[in-house]
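Note that these values count all heavy atoms, side chains included, but never hydrogens, waters or copies made by symmetry. The model shown is predicted, which means the values in this text are computed figures rather than measured ones.
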Amino acid sequence: TPAAAQTYGPDEGKELAPGVREVALGERASNIKAYAMVKLRDVVIQPGAKTPDNVMKNDMLCHMTEGELSVVQNEKKFTVKKGEVWTCAKADTTEGTQNTSSAVAIMRIIDLMSA
């Protein structure tokens, strides 16, 4: 059977903004010398909801597990769809997202925490 992304209830995790919730999935010490720890989390974004523009506090890898998002990264706009990946660099990336679709979007993030 095919694998499916995890789904969440409306109150799971921590609210970041109206219609945006963060669900912590795990963390572990890193054996990559540049990073002390790695953390895994999902950001669940309801249709029409958006995340505020933020300067990235650490390097990260992002993956759309469900839905799609409009992303504005360093003033460049692009759309990410289910299955696509992108990156953010600590202090060099400002990013905001918006779910302009009619389905819930889930952005899985691997945070690479500096040593």
Side-chain angles (χ1 to χ4, degrees):
T1 58
Q6 185 168 351
T7 58
Y8 298 103
D11 296 326
E12 285 189 67
K14 176 176 97 176
E15 185 176 58
L16 302 178
V20 180
R21 299 193 73 80
E22 177 184 74
V23 180
L25 299 175
E27 61 182 65
R28 178 173 287 247
S30 172
N31 58 7
I32 300 171
K33 290 180 184 178
Y35 303 104
M37 180 167 294
V38 294
K39 294 182 179 184
L40 184 65
R41 60 191 167 110
D42 280 351
V43 178
V44 182
I45 306 168
Q46 298 298 319
K50 58 184 174 179
T51 62
D53 289 348
N54 290 302
V55 175
M56 300 300 111
K57 295 178 181 155
N58 52 272
D59 294 333
M60 61 184 71
L61 306 170
C62 301
H63 174 239
M64 283 304 301
T65 63
E66 290 296 325
E68 66 180 59
L69 287 174
S70 293
V71 177
V72 178
Q73 191 178 78
N74 295 340
E75 300 181 18
K76 181 180 177 187
K77 187 174 182 178
F78 57 96
T79 300
V80 289
K81 297 181 179 189
K82 183 177 179 175
E84 294 183 336
V85 298
W86 71 105
T87 59
C88 300
K90 177 182 177 180
D92 289 335
T93 304
T94 300
E95 180 178 287
T97 66
Q98 183 169 11
N99 183 348
T100 57
S101 75
S102 59
V104 172
I106 301 176
M107 173 176 51
R108 179 153 293 163
I109 301 170
I110 300 171
D111 290 299
L112 303 167
M113 312 304 289
S114 297

Has [X] got a side-chain atom pairing as donor or acceptor with [Y]'s backbone, closer than 3.5 angstrom?
X     : Y      : value
Asp11 : Gly9   : no
Asn58 : Ser114 : no
Gln46 : Asn99  : no
Arg41 : Glu22  : no

Out of curiosity, does [Y] fall in the hydrophobic cluster containing [X] (side-chain heavy atoms, cut-off under 4.5 Å, transitive links)?
X     : Y     : value
Met64 : Met60 : yes
Leu16 : Leu69 : yes
Val38 : Leu25 : yes
Val55 : Val43 : no
Tyr8  : Leu40 : yes

To check you understand the geometry: which heavy-atom pair defines the closest contact between [X] and [Y], and what is its length?
X     : Y      : value
Arg21 : Glu12  : NE-O, 2.7 Å
Asp53 : Gly96  : OD1-CA, 3.3 Å
Ala49 : Gly19  : CB-O, 3.6 Å
Cys62 : Ile109 : SG-CG1, 4.0 Å

Steps toward side-chain contact (heavy atoms from CB on, under 4.5 Å) verdict (Leu61, Val85)
CA-CA 7 Å; Leu61 306 170; Val85 298; over 6 Å; no
Heavy-atom distance under 4.5 Å between the side chains of [X] and [Y], does that happen here?
X      : Y     : value
Thr79  : Glu68 : yes
Asp59  : Cys88 : no
Met113 : Ser30 : no
Glu95  : Trp86 : yes

Spacing of [atom1] belonging to [X] relative to [atom2] belonging to [Y], to within rounding of 0.5 Å:
X     : Y      : atom1 : atom2 : result
Glu84 : His63  : CD    : NE2   : 9.0 Å
Lys39 : Glu27  : NZ    : CD    : 5.0 Å
Met56 : Asp111 : CE    : CG    : 9.5 Å

Give a yes or no on this: more than 12 heavy atoms of other residues, nucleotides or ligands lie within 6.0 Å of atom CD of Glu75.
no
Passing option when Thr65 is tested against Arg108, Lys82, Met107 for side chain to side chain contact (heavy atoms under 4.5 Å, CB included)
Arg108
